[in-house]
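Order of the sequence lines sets the chain letters (A, B, ...), proteins ahead of strands, with each chain counted from 1.
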Amino acid sequence: MTDAPATLVATGSDVWADRPVRTRFAPSPTGSLHIGGLRTALFNWLYARNHGGQFILRIEDTDQKRFDPTALQTLVEAMRWAGVTWDEGPEVGGEYGPYVQSERLEMYQSWGKWLVENDYAYTCYCSSERLEQVNKEKQARKEAPGYDRRCRFVTEDERQKLAAECAAEGRKPVIRFKFPLEGTTVLNDLVRGEVSFENKIQQDSVILKSDGFPTYHLAVVIDDHFMQISHVMRAVEWLPSAPLHVHLWQAFGWEMPHYAHLPVMLNPNGKGKMSKRNPPKDKFGNVIPVMVHDYIRSGYLPEALDNFLINIGWSYGEDREVFSLEEAIERFTDFSRINPANSAFPPEKLDWLNGVYIREKLSVEELARRLRPVLENEGYEVNVDTLLKVTPLVQTRIKTLNEVISIAGFFFREEFIPAKPEELIQKKMDTTTTKQALERSRQVLEGVADFTTQALHDATQPLTAELGLNNSQLFGLLRVAVTGQTVSTPTFETMEILGKDKTLKRLDLAASLL
RNA sequence: GCCCCAUUCGUCUAGAGGCCUAGGACGUGGCCCUCUCAAGGCCAAAACACGGGUUCGAAUCCCGUAUGGGGCACCA
């Protein structure tokens with residue numbers, strides 16, 4: 001350790017070339033899954049699947065202060081919804097478990113102890129008050145903040161004295177890593193190439209907390225080692241702490257995996273990363289959701305969200321934006337198509353893509369199957385026959401499943417909510433002409449024997465000439481009368497599905513309201 | 001403040017020294033279609049951050065500057 005080379009160039013070990021690809025996604029369970037997390041998971045998953053390797057889900061729950069007992073279930077649900085299947089992890093097991101860090105505490109503690117015994121780490125007895133004090137003083141001297149390494153250079157006698165003080169105050173010490181004081185650490189990143197760091201400005205980070213839990217740094221290296229992870233793909237926010245991880249690998253003498261630091265997703269305006277606490281807004285001021293569950297609730301399709309996310313920071317090539325997960329797997333052979341630059345989250349592109357999937361990738365039956373729970377959640381009684389007839393009508397008109405409510409919800413409502421009288425009156429018309437058109441149309445429609453779109457259209461068309469109206473006026477009027485809304489499914493198709501009885505009643509009602 | 005990373009149309013991106021008069025997509029605008037709204041078709045505007053090198057030749061390589069982002073916790 002003391003005679004570490006001045007420059008340590010760390011590249012993932014060659015042994016991985018002969019071993020199966022094993023990637024992992026290691027979120028901390030603090031609620032639903034962050035949309036950026038899903039993308040990271042997707043990239044790892046794609047790479048493992050491309051190479052016929054394994055994808056592992058590991059839960060990093062070492063922060064007791066943020067413990068949320070329901071979070072794991074929510075997280076698992078989001079992953080499953082997105083179709084990101086794991087070969088090892090919670091609920092599926094695996095031979096390298098447990099896959100929840102809080103169940104691996106003994107391991108971290110014994111390796112932490114090993115590091116201390118082998119002089120790679122030391123016990124630090126400093127109180128948080130002292131740490132604060134040190135930082136304050138450093139700040140006053142305009143020095144970089146950070147721990148002053150007092151406990152690292154203390155003599156054995158002093159150490160024992162500090163230990164006693166610490167115990168007397170009822171505090172528990174922490175373990176800090178002895179970061180090399182000089183030299184350079186170079187990480188060979190798979191998407192960025194060589195990234196180098198000056199050792200002297202690094203910190204002696206805490207690796208084992210006073211509550212006996214490890215910090216991310218210790219846990220991640222131990223787990224990645226024992227879970228035989230070959231490639232670590234994680235967000236760039238981890239790059240600055242990568243040198244610590246490099247030295248941890250080095251200290252343990254383990255084969256380091258390959259690292260690929262992924263770009264982060266920024267707010268749509270490019271300012272700051274997407275966060276739950278400061279939710280981004282679109283140009284109209286609407287909040288753009290950050291958690292996967294928000295997208296589930298808003299009526300996005302998993303295949304569309306996946307496709308969308310994969311397109312940010314990675315490209316399929318061949319000028320293609322729409323592709324299946326299978327096609328993405330086939331193309332995700334290496335890291336060369338990953339763009340190192342951060343990117344702004346493009347919400348309108350997601351809406352477009354979701355629309356593409358709804359109208360081009362889903363059969364009517366499949367779309368109807370997905371629309372049903374949306375309608376039912378809204379309290380509607382869904383008649384399957386009606387739904388199957390309505391679905392093709394909404395298919396080209398909705399971008400999210402939820403939009404079916406506003407455009408075609410009236411099909412599934414028992415009571416009819418008529419439009420306001422002024423909405424019935426079309427351009428260049430008035431109450432009298434509108435009422436007249438309504439009554440005349442009713443007369444004609446009553447005589448239509450088979451109530452089909454074509455027959456209805458044919459029967460109504462001559463009325464435009466008779467009443468001196470254009471298509472837009474007459475048909476628009478009928479739409480509002482029959483659906484109660486100005487934007488809806490096409491008029492004659494709607495009448496056909498509603499049937500003669502309801503259609504005529506609604507025309508009567510409309511006329512009576514004028 | 002210090003460290004690290006990045007920089008192609010408004011946005012997501014293609015681009016690995018000549019294929020670039022810089023391609024695709026979203027969005028935007030226009031036209032067509034049209035019973036509303038969509039969908040669809042056609043067209044248009046729109047970018048290599050800046051300055052120096054290297055080279056016969058640079059969006060592509062190097063160096064600075066600027067800008068943006070990330071990180072500097074007993075959070076991950």
Quiz item: Would you say a side-chain N or O of Lys138(A) is under 4.0 Å from OP1 or OP2 of G1(B)?
Solution: no
Exercise. For G24(B) versus U65(B), give the span between their P atoms, rounded off to a whole number of Å.
Key: 37 Å
Quiz item: Say you pick atom P in U21(B) and the same atom in G40(B); how far apart are they, in whole Å?
Solution: 33 Å
Exercise. Count the heavy atoms belonging to other residues, nucleotides or ligands that lie under 6.0 Å from CD of Glu132(A), then report whether that count exceeds 12.
Key: no
Exercise. Verify whether the ring centers belonging to Trp238(A) and Tyr216(A) lie closer than 6.0 Å.
Key: yes
Quiz item: Contact class for Ser488(A) (heavy atom, under 4.0 Å): base, sugar-phosphate, or nothing?
Solution: base
Quiz prompt | Nearest-nucleotide 5' precedence on RNA chain B, Lys172(A) against Ile312(A) | solution = Ile312(A)
Quiz prompt | Arg176(A) charged N/C atom sitting above Tyr122(A) aromatic ring, 6.0 Å / 45° | solution = no
Quiz item: Between C50(B) and U11(B), how far is it from one P atom to the other, in whole Å?
Solution: 15 Å
Quiz item: Quick one: is Ser472(A) getting a side-chain N or O under 4.0 Å of the U34(B) phosphate, OP1 or OP2?
Solution: no
Self-check item: Result of checking Phe345(A), Tyr295(A), Trp352(A) against Phe308(A) for ring pair (Phe, Tyr, Trp, His ring centres under 6.0 Å)
Solution: Phe345(A)
Quiz item: Across the strands shown, which category fits Glu321(A) at heavy-atom distances under 4.0 angstrom: base, sugar-phosphate, nothing?
Solution: base
Practice problem: Could you check which of G69(B), C26(B), G40(B) has an atom nearest any side-chain atom of Arg359(A)? | Solution: G40(B)
Exercise. Determine the Euclidean distance between corresponding P atoms of C19(B) and U13(B); express it in Å to zero decimal places.
Key: 25 Å
Quiz item: Would one find a side-chain N or O of Lys209(A) under 4.0 angstrom from OP1 or OP2 of A76(B)?
Solution: yes
Exercise. Take Val264(A) and Pro173(A), find for each the nucleotide of RNA chain B with the closest heavy atom, and name the residue whose nucleotide sits nearer the 5' end.
Key: Val264(A)
Quiz item: From A14(B), A38(B), C4(B), pick the nucleotide closest to the side chain of Val195(A)?
Solution: C4(B)
Quiz item: Do the side-chain N or O atoms of Asn471(A) get closer than 4.0 angstrom to the phosphate oxygens (OP1, OP2) of C35(B)?
Solution: yes
Quiz item: A76(B) phosphate, OP1 or OP2: any side-chain N/O from Lys65(A) under 4.0 angstrom?
Solution: no
Quiz prompt | Arg152(A) and Asp204(A) ion-paired at < 4.0 Å | solution = yes
Practice problem: State which of A76(B), A25(B), G70(B) makes the closest approach to the side chain of Ser28(A). | Solution: A76(B)
Quiz prompt | Donor/acceptor link under 3.5 angstrom from Thr215(A) side chain onto base of C74(B) | solution = no
Quiz item: Ion pair present between Arg58(A) and Glu60(A), side-chain N to carboxylate O less than 4.0 angstrom?
Solution: yes
Quiz item: Which part of the nucleic acid, if any, lies within contact of Gly355(A), taking any heavy atom under 4.0 Å across all strands shown: a base, the sugar-phosphate backbone alone, or nothing?
Solution: nothing
Exercise. Would you indicate what Glu493(A) reaches in the nucleic acid, counting non-hydrogen atoms under 4.0 angstrom: base, sugar-phosphate, or nothing?
Key: base
Quiz item: When you compare G23(B) with C63(B), how far apart are their P atoms, in angstrom units rounded to a whole number?
Solution: 30 Å
Practice problem: Measure from the side-chain heavy atoms of Leu239(A) and tell me the nearest of A76(B), C4(B), G40(B). | Solution: C4(B)
Quiz item: When all nucleic acid strands are considered with a 4.0 Å heavy-atom cut-off, which category describes Ser241(A): base, sugar-phosphate, or nothing?
Solution: nothing
Quiz item: Counting side-chain heavy atoms from C-beta on, which of U11(B), C74(B), A39(B) comes nearest to Ser210(A)?
Solution: C74(B)
Practice problem: Could you please name the option among U13(B), C37(B), A76(B) that lies closest to any side-chain atom of Ser315(A)? | Solution: U13(B)
Practice problem: Using atom CD of Gln461(A) as one end and atom P of C35(B) as the other, report the distance to the nearest whole Å. | Solution: 8 Å
Practice problem: Choose from A14(B), G1(B), G68(B) the nucleotide whose nearest atom is closest to any side-chain atom of Lys271(A). | Solution: G68(B)
Quiz prompt | Nearest-neighbour nucleotide for the Glu60(A) side chain, G1(B), U11(B), A76(B) considered | solution = A76(B)
Quiz item: Do any side-chain nitrogens or oxygens of Arg337(A) fall under 4.0 Å of OP1 or OP2 in A14(B)?
Solution: no
Quiz item: Going by modelled atom types, is there a donor-acceptor pair between the base of C5(B) and the side chain of Arg192(A) at under 3.5 Å?
Solution: no
Self-check item: Between A14(B) and A49(B) - P atom distance, rounded Å
Solution: 14 Å
Self-check item: Ser128(A) side chain near C74(B) phosphate (N/O to OP1/OP2, under 4.0 Å)
Solution: no
Quiz item: Mind checking the P distance from G69(B) to C12(B)? Whole angstroms is fine.
Solution: 13 Å
Practice problem: Select one nucleotide: of A38(B), U11(B), G40(B), the one nearest the side-chain heavy atoms of Thr396(A). | Solution: A38(B)
Quiz item: Can you tell me if the side-chain N/O atoms of Thr62(A) get under 4.0 Å from OP1 or OP2 in A76(B)?
Solution: yes
Quiz item: If you measure from the C1' atom in C2(B) to the same atom in A16(B), how many Å do you get, rounded?
Solution: 34 Å
Quiz item: U36(B) base to Arg397(A) side chain: any donor-acceptor pair below 3.5 Å?
Solution: yes
Quiz item: Given G40(B), C3(B), G70(B), which nucleotide is nearest the side-chain atoms of Pro240(A)?
Solution: G70(B)
